[in-house]
**Q** 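Could you have a look at this structure, given as structure tokens, before my questions?
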Amino acid sequence: MPDKQRIGGASIDKLDSIIMSGECPHSDDDPIPWDDPWFSKFFSWNNHLFSKNKTALLLFSPNQNSHEYASAPRTFYTIGGCQILDGGIYVVGKSSSGHAKIIDEGGDYQASCDIIAQHSELSTLPTIVLGLQDKHFFYYPNGITDDQNSLQLSCIEASLTLDDLLSSLDTHAAGHLQTQEFRKRIWKDAGKWWAEEYAEDIVQYDLLIVLRNRYHKTHTIEAEQITTSGRADIKCVPKEGLFESYGILELKAIRTFGSTGNRYQHAEWEAALRKGAGQAFSYAQDNNASIKVLCVFDMRKQQDQSCINCGKSECEALGVTFKHYSIPNSSQQVRNTRVAKAKNKASIS
Amino acid sequence: MLYQGSLYRRFWLLALFRGIEAAGFSPVTSSKTHALVYLANALATTYGISPLAPILLKVKKGPLYPQFFWEIERLVGMRLLSVHALEHATLEDIDSAEYSLTKQGLKLVENVIHSVPELQKVAQVQKSIALAYSRNPSAGQSDNLLKRDGNYGDTDIGEGEIVDFGEWSFVNSTKDAVNYLRCRIIELHPHRTDPAIAVNYYAQYLSEASYA
């Protein structure tokens with residue numbers, strides 16, 4: 001009599017249990033160059049390296065072996081199991097259980113940057129910099145030579161609650177979206193108020209990393225995932241077996257001018273915000289999500305309140321949390337935003 | 001004709017090594033390469049492509065594919081793969097070695113994918129399987145395959161017998177186990193239909209045998 005609990009040599013019980021205890025990977029086409037288990041390593045390595053006054057640069061490459069330099073030792077290093085990491089330059093891949101190719105073992109930040117800058121193939125690889133700052137590390141999606149395009153990430157992990165999520169969004173906006181560096185990335189022609197064509201994608205990519213970094217222990221953070229009613233911009237799915245909140249974030253960038261100078265009208269902004277509130281609500285219903293947020297990134301020349309109020313009231317009616325962030329287009333605006341925030345903080349305290 | 005013959009087998013192997021490179025798991029030892037070649041064959045139908053060699057001898061030390069190693073040696077000779085940590089007792093017998101894709105090998109795979117679109121899917125599948133394996137390296141350990149794998153761990157097949165999952169037999173229990181996982185995942189998360197997710201869970205299931 002065949003064993004009904006087995007499929008050939010595979011145990012059905014054990015297959016069932018792995019779904020409850022295993023780690024759900026992201027799709028093979030996931031845009032982030034590293035798997036989630038890397039985050040815990042970044043945290044512990046960063047703190048140790050900082051205490052030793054050393055830095056480590058992790059360069060994520062789809063082909064470690066193609067970086068063959070006369071000066072580089074052909075050394076492979078099993079990086080995955082390391083509790084601590086020595087300073088240096090390492091070429092690594094997507095999986096945290098993989099190997100690293102060591103390019104340099106010094107650990108001096110400036111010297112490492114100089115080495116990388118000499119090799120064009122290395123200088124454009126997505127790079128994580130560890131040990132430069134206490135409790136924070138840095139990500140350069142286009143390599144360290146493109147220093148306008150970087151993301152500062154905190155070594156703090158948390159459980160997903162609405163309050164924590166909103167405070168993370170505020171911190172991200174103040175420390176990243178409303179800065180000079182981000183201003184240069186998000187505008188095609190800032191002087192003319194022409195937004196980049198894929199402004200929303202730029203915001204989404206950065207936010208995806210920030211949220212994965214903070215909630216990687218408890219949640220799988222996915223972008224553009226299909227639900228019954230459509231595609232959610234960001235889904236925060238609790239890991240199996242954990243009784244954590246489910247979160248949905250809908251992102252909308254509203255702008256006066258598109259990347260070719262095409263003008264958007266008031267009615268289009270209102271329609272976009274209403275649609276966003278409806279999407280956040282529907283996707284949350286599909287997934288029984290308790291946290292549902294509409295984030296509006298305002299890139300309009302004149303940021304009048306009427307359309308924002310329309311979005312707010314639509315969200316209120318649907319039980320969706322509304323967040324609004326102005327994206328500055330000039331240095332003056334960056335300063336104004338900072339000053340306004342400081343005044344606001346002072347008046348609250 | 002496209003999916004047969006030595007040239008296709010070489011492309012198939014190079015595409016697998018490309019996935020290993022992307023994962024950062026390179027260089028990979030010969031025993032791990034045998035295990036990976038087995039998993040790539042056993043899991044191919046999960047993604048809707050045909051396995052290349054759905055038959056092998058069950059050996060306690062783990063899957064063994066001498067025909068693929070013949071090709072690997074040629075690929076080393078062609079400088080498309082590089083060999084590291086070579087150990088051999090005699091000139092003829094290689095005890096162990098580690099292999100990785102060279103820059104030329106990567107370029108060749110990408111040129112082939114670009115010019116023969118039919119092979120894109122094969123390359124994607126190879127990459128997906130290599131990534132799942134690299135995330136769970138002990139999935140390919142012989143003990144774990146013997147204890148847990150659908151085909152290789154089937155106790156109806158004794159050591160020294162043939163494991164057939166598609167040559168003459170219609171039963172591929174490894175694929176069936178992954179399909180079981182896929183159905184269970186979809187029950188819990190209706191939109192997680194990507195077979196790669198089930199394959200990753202399967203690799204975790206195999207590798208977990210090390211700690212059980």
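Only this structure's heavy atoms are used, side chains among them; waters, hydrogens and symmetry mates stay out. Residue numbers start from 1 in every chain, and the chains themselves are labelled A, B, ... in the order their sequence lines are given, proteins ahead of strands.
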**Q** What part of B/Y201 is in contact with chain A, defined as an atom under 4.5 angstrom from a non-hydrogen atom: side chain, backbone, both or neither?
**A**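 Contact with chain A: backbone and side chain both.
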
**Q** Would you say B/E159 has more than 12 foreign heavy atoms packed within less than 6.0 Å of its CD?
**A**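 Yes, CD of B/E159 has more than 12 neighbouring heavy atoms, counting only those of other groups under 6.0 Å.
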
**Q** Is the shortest side-chain heavy-atom distance between A/H99 and B/S26 below 4.5 Å?
**A**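 No. Closest side-chain heavy atoms not under 4.5 Å.
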
**Q** Any chance you could measure B/K147, atom NZ, to A/K14, atom NZ, to the nearest 0.5 Å?
**A**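 Taking NZ in B/K147 and NZ in A/K14, the distance rounds to 9.5 Å.
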
**Q** Looking at SG of A/C24 and CD1 of B/I185, how far apart are the two atoms once the value is rounded to the nearest 0.5 Å?
**A**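 Result: 7.0 Å between the selected atoms.
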
**Q** Counting only heavy atoms closer than 4.5 Å, note whether B/I157 contacts chain A via side chain, backbone, both or neither.
**A**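 Neither; nothing under 4.5 Å.
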
**Q** Using a 3.5 Å distance criterion without hydrogens, assess whether the side chain of A/S97 forms a donor-acceptor pair with backbone atoms of B/S134.
**A**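 Checking the backbone N and O of B/S134 against the side chain of A/S97, a donor-acceptor pair under 3.5 Å is found.
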
**Q** Out of A/S95, A/G98, A/P37, return the one with the most heavy atom pairs under 4.5 angstrom to chain B.
**A**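 The candidate making the most pairs under 4.5 Å is A/S95.
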
**Q** How close do B/L188 and A/I19 get, heavy atom to heavy atom, and via which atoms?
**A**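 Looking at all heavy atoms of both residues, the closest pair is CD1-CG2, 3.5 Å.
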
**Q** Mark yes when over 12 heavy atoms from residues, nucleotides or ligands other than A/K239 sit less than 6.0 Å from its NZ; otherwise mark no.
**A**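 Counting other residues, nucleotides and ligands, NZ of A/K239 exceeds 12 neighbours.
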
**Q** Please rank B/A22, B/G19, B/G24 by heavy-atom pairs under 4.5 Å with chain A and give me the top one.
**A**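 Most heavy-atom pairs within the cutoff with chain A belong to B/G24.
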
**Q** Under 4.5 Å from any heavy atom of chain B, what part of A/S96 do you find: side chain, backbone, both or neither?
**A**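 Neither the backbone nor the side chain of A/S96 comes within 4.5 Å of chain B.
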
**Q** Based on non-hydrogen pairs under 4.5 Å, which of B/E98, B/R184, B/R135 is most in contact with chain A?
**A**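 Greatest number of close heavy-atom pairs with chain A: B/R135.
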
**Q** I want to check something: taking the side chain as every heavy atom from C-beta on, are A/E121 and B/K103 in contact at a cut-off of under 4.5 Å?
**A**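 Answer yes - side chains close enough.
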
**Q** Could you give the distance from CG (A/D35) to CG (B/L131), rounded to the nearest 0.5 Å?
**A**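 Between A/D35 CG and B/L131 CG, I get 7.5 Å after rounding to 0.5 Å.
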
**Q** Does A/K94 pair with B/E21 as a salt bridge, N-O distance under 4.0 Å?
**A**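 No salt bridge links A/K94 with B/E21.
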
**Q** Are any of the side-chain nitrogens in B/K127 or A/D28 under 4.0 Å away from the carboxylate oxygens of its partner?
**A**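 Looking at A/D28 together with B/K127, the answer is no, because their closest N to O distance does not fall below 4.0 Å.
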
**Q** Taking the side chain as every heavy atom from C-beta outward, state whether B/R192 and A/T220 have any pair of such atoms under 4.5 Å apart.
**A**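 Side chain of B/R192 against side chain of A/T220, heavy atoms only: contact under 4.5 Å found.
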
**Q** Can you tell me how far apart CD (A/E23) and CG (B/N200) are? Round to the nearest 0.5 Å.
**A**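 Nearest 0.5 Å value for the CD-CG distance: 10.5 Å.
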
**Q** Is it the case that B/H189 and A/E240 place a side-chain donor and acceptor less than 3.5 Å from each other?
**A**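 Their side chains do contain a donor-acceptor pair, which is all the 3.5 Å distance test asks for.
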
**Q** Given that the side chain runs from C-beta out, which part of B/Y202 has a heavy atom under 4.5 Å from chain A: side chain, backbone, both or neither?
**A**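 B/Y202 touches chain A through side-chain heavy atoms alone.
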
**Q** Which one wins on heavy-atom pair count under 4.5 Å against chain A: B/A23, B/S128, B/A132?
**A**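 With the most close heavy-atom pairs to chain A, the winner is B/A23.
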
**Q** Drop me the distance from B/L181's CG to A/L15's CG, to the nearest 0.5 angstrom.
**A**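 One finds 4.5 Å between CG of B/L181 and CG of A/L15.
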
**Q** Would you say the side-chain atoms of B/E208 pair up with the backbone N or O of A/I18, donor to acceptor, closer than 3.5 Å?
**A**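 Looks like no, no N/O pair under 3.5 Å.
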
**Q** Checking heavy atoms, do the side chain of B/D194, its backbone, both or neither come under 4.5 Å from chain A?
**A**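 Only the side chain of B/D194 comes within 4.5 Å of chain A.
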
**Q** So which of B/G150, B/G153, B/A196 has the largest heavy-atom pair count under 4.5 angstrom toward chain A?
**A**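 So the answer, after comparing B/G150, B/G153, B/A196, is B/G150.
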
**Q** Inspect the surroundings of CG in B/N111 and state if more than 12 heavy atoms from other residues, nucleotides or ligands are less than 6.0 Å away.
**A**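 Yes.
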
**Q** Please rank B/D176, B/I197, B/D149, B/L145 by heavy-atom pairs under 4.5 Å with chain A and give me the top one.
**A**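 Answer, by heavy-atom pair count under 4.5 Å with chain A: B/D149.
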
**Q** Let me confirm one number: the OG-OH distance from A/S11 to B/Y205, rounded to the nearest 0.5 Å.
**A**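 Atom-to-atom, A/S11:OG and B/Y205:OH are 5.5 Å apart.
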
**Q** Name the member of A/N287, A/V237, A/V92, A/D286 that forms the most heavy-atom pairs with chain B at distances under 4.5 Å.
**A**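 Ranked by contacts with chain B, first place is A/V237.
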
